[in-house]
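Here's the structure, in structure tokens; my notes come after.
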Amino acid sequence: YEVLLNLRWGDIHSPLSSQEADLYPRPLHFVSSSPPQLRKVLEEKLASDGLDWSSDTFKNQAYNLKKARFDLLKQQVAYKSASILNIMNHYEGKQSFFMMGDNAESDAYIYLGIKLLVEGQLSPLGYKKYLEIAHVEEDVLDDFAKILAVPLNKAIPVILIRNLKNYELPLKPPLTDPITSFGNYYEAALYFLLQGFLDPRCLWSLTRSFHNFYGDR
């Protein structure tokens, strides 16, 4: 979590200047498909790393279990999409959101759809069709449409997807051109650095940390 820590607080080894004080901490949100019972595990792990965050969202599977809808336990598209759009709607004015996930589930598909919606490349009706392609059921889509408020003046300049072993990340240019894949978080840090979003002073400490603790991984 060294990369997230530096993204949220700037260079953690240097005090913030008076000019930088208004820039940090940057908002950090976790949207997880894990059940809320695992929140304590996440909190303890992140706290041990010194990382705090703005919000977290966990998927409450109790409804699906009560309805014996075991097929929906692994369906994350509608849940994650609604959760992220809800977070974005809490921010007023023009805002940019950087999204990071992995290829174990449908993060790339979810993030890309949200980007197309909030940046005006998909209408709400087109977005509904986009969710249909992901096999989101009609009744879920109807409920989704009733609560959907498209975030205004929002942009998603960066979608980073980590390539995990034994999972595939299907890319279909030019549609998937906004997606950048990475193998480890050091690569992600370099990408954020190139985007001007990571304080360059962080680079040496991150390089040393990844070398000492992770080797070639």
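These numbers come from the heavy atoms of this one structure, side chains and all, not from hydrogens, waters or symmetry mates. FYI, the numbering just counts along the sequence from 1.
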### Task
Would you please name every residue forming a salt bridge (Lys or Arg N to Asp or Glu O under 4.0 Å) with Arg162, sequence neighbours left out?
none
### Query
Going by an N to O cut-off under 4.0 Å, is there a salt bridge joining Arg201 and Glu20?
yes
### Query
Hey, are the side chains of Arg8 and Tyr24 touching, using non-hydrogen atoms and a 4.5 Å cut-off?
no
### Message
Determine whether a donor-acceptor pair (N or O, by modelled atom type, separation under 3.5 Å) exists between the side chain of Asn103 and the backbone of Ala108.
### Response
no
### Query
Can any side-chain N or O of Tyr191 pair as donor or acceptor with the backbone N or O of Phe182 at less than 3.5 Å?
no
### Task
Taking the six-membered ring for Trp and the single ring otherwise, decide whether the centroids of Phe97 and Tyr91 are under 6.0 Å apart.
yes
### Message
Check whether Asn86 reaches the backbone of Ala82 with its side chain - one donor and one acceptor, N or O, closer than 3.5 Å.
### Response
no
### Task
Mark yes or no for whether Ser14, through its side chain, and Asp11, through its backbone, hold a donor-acceptor pair below 3.5 Å.
no
### Task
Taking the side chain as every heavy atom from C-beta outward, state whether Tyr130 and Val77 have any atom pair closer than 4.5 Å.
no
### Task
Check the surroundings of atom CD in Gln121: do more than 12 heavy atoms from other residues, nucleotides or ligands lie under 6.0 Å from it?
yes
### Message
Please determine whether side-chain hydrogen bond (donor to acceptor under 3.5 Å, both in side chains) holds for the pair Thr57 and Tyr79, giving the CA-CA distance in whole Å, both sets of side-chain angles, and the decisive distance to 0.1 Å.
### Response
CA-CA 10 Å; Thr57 308; Tyr79 154 71; 5.5 Å; no
### Query
Sub-3.5 Å donor-acceptor pair from the side chain of Glu119 to the main-chain atoms of Leu116, do we have one?
no
### Message
Take a 6.0 Å sphere around NZ of Lys129 and say whether it holds more than 12 heavy atoms from other residues, nucleotides or ligands.
### Response
no
### Task
Inspect the surroundings of OH in Tyr167 and state if more than 12 heavy atoms from other residues, nucleotides or ligands are less than 6.0 Å away.
no
### Query
Which of these, Ile179, Thr180, Asp107, sits in a side-chain contact (heavy atoms from CB on, under 4.5 Å) with Leu160?
Thr180
### Query
If only atom types and distance count, is the side chain of Tyr111 paired as donor or acceptor with the main-chain N or O of Met100 below 3.5 Å?
yes
### Query
How about Glu2 and Ser209: does a side-chain donor come under 3.5 Å of a side-chain acceptor?
yes
### Any donor-acceptor pair under 3.5 Å from Asn89 side chain to Leu85 backbone
yes
### Message
Taking the basic N atoms (NZ, or NE/NH1/NH2) and the acidic carboxylate oxygens, is any pair closer than 4.0 Å for Lys128 and Asp142?
### Response
yes
### Query
Do Ser55 and His29 get their side chains close enough for a donor-acceptor pair, meaning under 3.5 Å?
yes
### Set of residues satisfying side chain to side chain donor-acceptor pair (under 3.5 Å) with respect to Trp53, sequence neighbours excluded
Asp56
### Task
Kindly say whether Gly93 contributes a backbone atom to a donor-acceptor pair with the side chain of Lys154 at under 3.5 angstrom?
yes
